Amino acid sequence: MDSGAAHSPVFLVFPPDITTPEFQSGHVTGTTYDSSMPFPKFLATRMKILGAVQILFGVMNFSFGIVLLFTLEDPYPRFPFIFISGYPFWSSILFVNSGAFLVALERKTTETLVTLSRVMNVLSAVAAAAGIVLLVIGYLIDQDFFCGYAGEVSECHAVTTLFIGILVMLMAFSIIEFLISLSFSIMRGPTECGDCEERDEKEQ
């Protein structure tokens, strides 16, 4: 090696033991790992958290349905529309199942779990969209539900406010659940990855 090459700026930046091809090779390996994810990386890294959120929304929906169960008291001769529709109950089943599949998928990625998770999230997205429509209809029908029957009862306005608050909370849960479920049901990674573990087991 001559003295001109020894003092070359290129030599100072890239010593002999560090070469550009090795750096590119490592970069390609990282890209391959990311492309094997069944969901986009920014969703896959938060899959467990979003699954837990879905489960929480399902439990809260069911809890509000139980609260509405006690509205059939004198002088109110019927249940609110949103309770009659059953939305707080059947939506909670779908939300909890969708969240459970996401949590399970975060722990072990299999082709079966990926398929089931997508199906459950599609159903949850449809349920959440239907819930948004039902909640709007329920508000229009039942916004004066309590005071309309109670009339002179002074507490009716406070109870009506509580009832509208429940509808607002259910609406917020439905909108967020719709966004989460839609993200996992329609988004794809750079390439569709089946089950890496399952595929390896079959090859062995």
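The structure presented is a predicted model; accordingly, all values stated were derived computationally and were not measured. Counting from 1, the numbers follow the sequence of the chain as shown.
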Checklist entry - Excluding sequence neighbours, so at least two apart, what forms ring pair (Phe, Tyr, Trp, His ring centres under 6.0 Å) with F64? => result none

Next on the checklist: With a 4.5 Å cut-off on side-chain heavy atoms, are R118 and V114 touching?
Outcome noted: yes

Next on the checklist: Test of understanding: clusters of I, L, V, M, F, W, Y form through side-chain heavy atoms closer than 4.5 Å, transitively. Do I93 and L56 belong to the same one?
Outcome noted: no

Checklist entry - Are F178 and V59 connected, step by step, through hydrophobic side chains (Ile, Leu, Val, Met, Phe, Trp, Tyr) whose heavy atoms are closer than 4.5 Å? => result no

Next on the checklist: Tell me whether the count of non-hydrogen atoms from other residues, nucleotides or ligands lying under 6.0 Å of CZ in F89 goes above 12.
Outcome noted: yes

Checklist outcome for this item: P88 and G65 have their tightest heavy-atom pair at CB-CA, 3.6 Å

Checklist entry - Which heavy atom of F79 sits nearest a heavy atom of L69, and at what distance? => result CE2-O, 3.2 Å

Checklist entry - If you group Ile, Leu, Val, Met, Phe, Trp and Tyr by side-chain heavy-atom gaps below 4.5 Å, do I175 and F184 land in one group? => result yes

Checklist entry - Rounded to the nearest 0.5 Å, what separation is found between the OG atom of S91 and the CD atom of E177? => result 8.5 Å

Next on the checklist: Quick check for you: to the nearest 0.5 Å, what is the distance between I180 atom CD1 and M47 atom CE?
Outcome noted: 12.5 Å

Checklist entry - Are V53 and F95 close enough that some pair of their side-chain heavy atoms sits under 4.5 Å apart? => result no

Checklist entry - Step by step, would you call I82 with D142 a side-chain contact (heavy atoms from CB on, under 4.5 Å)? => result CA-CA 9 Å; I82 194 62; D142 295 328; 5.9 Å; no

Checklist outcome for this item: Minimal heavy-atom distance between S124 and L94, with the atoms involved, is OG-O, 3.1 Å

Next on the checklist: Hydrophobic cluster membership, with links at side-chain heavy-atom distances under 4.5 Å among I/L/V/M/F/W/Y: are M171 and I166 in one?
Outcome noted: yes

Next on the checklist: Distance check, rounded to the nearest 0.5 Å: I84 atom CD1 versus I141 atom CD1?
Outcome noted: 8.5 Å

Checklist outcome for this item: Looking only at heavy atoms, the pair that brings W90 and A127 closest together is CZ3-CB, 3.6 Å

Item to check | Sub-4.5 Å side-chain heavy-atom contact between Q54 and N121 | outcome: yes

Next on the checklist: For F57 and F173, I'd like to know if the aromatic rings sit close, meaning centre-to-centre distance below 6.0 Å.
Outcome noted: yes

Next on the checklist: Show the nearest heavy-atom pair for residues S92 and N61, with the distance to one decimal.
Outcome noted: CB-CB, 4.2 Å

Checklist entry - With F101, which residues qualify under ring pair (Phe, Tyr, Trp, His ring centres under 6.0 Å), at least two apart? => result none

Pairs of donor and acceptor atoms involving the side chains of residues 130-139, under 3.5 Å and at least two apart or interchain, shall be tabulated with distances.
none

Next on the checklist: Please give me the minimum heavy-atom distance between S117 and L102, naming the atom from each residue.
Outcome noted: OG-CD2, 3.3 Å

Checklist entry - If Ile, Leu, Val, Met, Phe, Trp and Tyr residues are connected whenever their side-chain heavy atoms lie under 4.5 Å apart, and connections chain through other members, are I164 and L68 in the same group? => result yes

